[in-house]
Amino acid sequence: MRTLALRTLACVLLVGCTVLAQPQAPTPAASTITYDEAVANEKKLFAADQAHDMDTMKAILADEFVDIARNGSSIGKEALLKEIPNIKMLKYAQQNYRVTALGVSSYLITYDSDATMIGTDGKEVRSQNALNTVWIRRDGRWQILMHCRGQASAVAAK
């Protein structure tokens, strides 16, 4: 449990440092993201991933994108783009969205994800994660700077 807490703290610190390190050029047309827009961006990401829409994925992922796994390992944009066509997403669900504006041109969205997929090894696997995604607005569009997975939170029965 202590290791999970340290990984979560490391993720939060990485997010903060990454966002603070981004140049903040004045953009008069920029505005803080709304909850609905943030959720729509995340759903667009998952739909593109599921459909293997590589053009959309390339546009959504910032060049310096980093994906951090639950075990602390990470990959960049090019490695993720090579991985996507080899994974077949069978179904996925997202819930418990929380959106935090980090400024007028960045935000963090966290939520719980439950996905079933066929991995690169050909085996079906179910993955439940708490996901954290940092988005930045660049050149008039939203891009993902960082994606981090952690242990999913318990969901109350309905």
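Being a predicted model, the structure only gives us computed values, none of them experimental.
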Return the set of residues passing side chain to side chain donor-acceptor pair (under 3.5 Å) with Tyr35 (not counting sequence neighbours), or none when no residue passes. none
Judged by atom type as modelled, is there a donor-acceptor pair below 3.5 Å linking the side chain of [X] to the main-chain atoms of [Y]?
{"X": "Arg138", "Y": "Ala62", "result": "no"}
{"X": "Gln143", "Y": "Ala59", "result": "yes"}
{"X": "Asn129", "Y": "Leu131", "result": "no"}

Nearest heavy-atom pair of [X] and [Y]: which atoms, and what distance?
{"X": "Trp135", "Y": "Ile109", "answer": "NE1-CG2, 3.9 Å"}
{"X": "Arg126", "Y": "Thr116", "answer": "CG-OG1, 4.0 Å"}
{"X": "Val66", "Y": "Ser74", "answer": "CG2-CB, 3.7 Å"}
{"X": "Thr32", "Y": "Gly103", "answer": "OG1-O, 4.2 Å"}

Interatomic spacing from [atom1] in [X] to [atom2] in [Y] - rounded to 0.5 Å:
{"X": "Gln95", "Y": "Tyr111", "atom1": "CD", "atom2": "OH", "value": "12.0 Å"}
{"X": "Phe65", "Y": "Met57", "atom1": "CZ", "atom2": "CE", "value": "7.0 Å"}
{"X": "Thr133", "Y": "Leu45", "atom1": "OG1", "atom2": "CG", "value": "6.5 Å"}
{"X": "Ile60", "Y": "Asp53", "atom1": "CD1", "atom2": "CG", "value": "8.0 Å"}
{"X": "Gln128", "Y": "Ser113", "atom1": "CD", "atom2": "OG", "value": "9.0 Å"}
{"X": "Ser105", "Y": "Ile33", "atom1": "OG", "atom2": "CD1", "value": "11.0 Å"}

Answer yes or no: is there a side-chain heavy-atom contact under 4.5 Å between His147 and Val134? no
Does Tyr92 reach the side chain of Asp49, with side-chain heavy atoms less than 4.5 Å apart? no
Met54: partners by side-chain contact (heavy atoms from CB on, under 4.5 Å), with sequence neighbours left out: Leu81, Ile84, Pro85
By side-chain contact (heavy atoms from CB on, under 4.5 Å), Thr120 pairs with (sequence neighbours left out) Asn86, Ile87
State, without any angle test, whether Thr34 and Asp36 hold a side-chain donor-acceptor pair at a distance under 3.5 Å. no
Which of these, Arg149, Lys77, Met146, sits in a side-chain contact (heavy atoms from CB on, under 4.5 Å) with Asp67? Arg149
Same cluster or not: are Met117 and Ile75 linked, directly or through other Ile, Leu, Val, Met, Phe, Trp or Tyr residues, by side-chain heavy atoms under 4.5 angstrom apart? no
